[in-house]
Amino acid sequence: CSLDFILVTLATQQKVDFTKFFTLLRPRGTMCFVGMCPPISADVFTMGFTMHNITTSNTGGRKEMVEMLEFCARNKIGARVVERPLAKVNEVLAELE
């Protein structure tokens with residue numbers, strides 16, 4: 001695959017193997033973690049060849065969350081969540097094109 005960017009918004013205390021998601025990134029692609037993600041480990045040796053980037057972003061506090069929700073309500077912005085098995089990742093990516 002060749003995704004430029006993966007935004008991880010997962011909030012869990014369970015261990016998650018993020019290494020399989022790096023294979024979805026193109027060379028020099030970025031994986032950004034926001035929220036309260038569990039600790040991660042990365043294969044720095046492989047990242048030296050793929051030049052993948054890992055970054056984080058602060059999610060803000062209560063005031064920013066309220067402002068964001070009010071903005072979404074004013075502009076009728078909502079979320080749509082669709083869960084699919086990882087085995088169907090190619091079908092899902094084709095749907096996004």
Side-chain angles (χ1 to χ4, degrees):
C1 288
S2 59
L3 298 175
D4 294 324
F5 186 82
I6 297 175
L7 178 64
V8 180
T9 60
L10 180 68
T12 184
Q13 295 299 317
Q14 297 177 2
K15 184 174 178 161
V16 178
D17 180 13
F18 289 102
T19 57
K20 58 188 167 191
F21 298 107
F22 281 98
T23 61
L24 300 172
L25 287 172
R26 67 166 176 78
R28 296 189 178 146
T30 299
M31 188 175 303
C32 178
F33 293 87
V34 297
M36 302 304 293
C37 293
I40 69 164
S41 60
D43 179 358
V44 178
F45 180 78
T46 301
M47 289 179 71
F49 295 102
T50 62
M51 295 179 277
H52 289 152
N53 300 293
I54 300 173
T55 187
T56 63
S57 178
N58 190 346
T59 57
R62 185 177 299 254
K63 179 179 179 259
E64 290 83 7
M65 181 179 63
V66 169
E67 288 174 359
M68 182 267 309
L69 291 172
E70 288 172 348
F71 175 84
C72 290
R74 265 193 322 273
N75 293 286
K76 297 183 170 110
I77 299 171
R80 180 174 163 239
V81 177
V82 177
E83 291 186 23
R84 306 269 181 89
L86 187 57
K88 296 194 176 205
V89 68
N90 290 329
E91 293 173 28
V92 173
L93 291 173
E95 290 175 16
L96 294 174
E97 291 180 354

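- Hydrophobic cluster membership for Phe71: Ile77 (Ile, Leu, Val, Met, Phe, Trp, Tyr linked by side-chain heavy atoms under 4.5 Å, directly or transitively).
- A continuous path of hydrophobic side-chain contacts links Val89 to Phe21 [ILVMFWY only; heavy atoms under 4.5 Å].
- Val16 and Leu25 end up in the same hydrophobic cluster when Ile, Leu, Val, Met, Phe, Trp and Tyr side chains are linked at under 4.5 Å.
- Residue Thr30 holds its OG1 atom at 12.0 Å from CE of Met51, rounded to the nearest 0.5 Å.
- Residues that satisfy the side chain to side chain donor-acceptor pair (under 3.5 Å) test with Asp17, not counting sequence neighbours, are Thr19.
- A 4.5 Å side-chain heavy-atom check between Leu86 and Lys20 finds at least one atom pair inside the cut-off.
- Rounded to the nearest 0.5 angstrom, Thr55 OG1 and Met31 CE are separated by 12.0 Å.
- Distance alone, capped at 3.5 Å, is enough to place a donor-acceptor pair between the His52 side chain and the Arg26 backbone.
- At least one side-chain heavy atom of Val66 sits under 4.5 Å from a side-chain heavy atom of Glu70.
- Between Val8 and Ile40 there is no side-chain heavy-atom pair separated by less than 4.5 Å.
- With sequence neighbours excluded, no residue satisfies side chain to side chain donor-acceptor pair (under 3.5 Å) with Lys15.
- Applying the side chain to side chain donor-acceptor pair (under 3.5 Å) rule to Glu91 yields no partners; only residues at least two apart in sequence or on another chain are considered.
- Distance check: Thr9 OG1 to Ile6 CD1 gives 12.0 Å after rounding to the nearest 0.5 Å.
- In this structure, Leu3 and Leu93 have side chains that are in contact, with non-hydrogen atoms separated by less than 4.5 Å.
- Side-chain contact between Leu10 and Phe18 is present, with at least one heavy-atom pair separated by less than 4.5 Å.
- Every residue was checked against the side chain to side chain donor-acceptor pair (under 3.5 Å) condition with Thr56, not counting sequence neighbours, and none meets it.
- Grouped with Phe49 in one hydrophobic cluster are Phe45, the linkage being side-chain heavy-atom contacts under 4.5 Å among Ile, Leu, Val, Met, Phe, Trp and Tyr residues.
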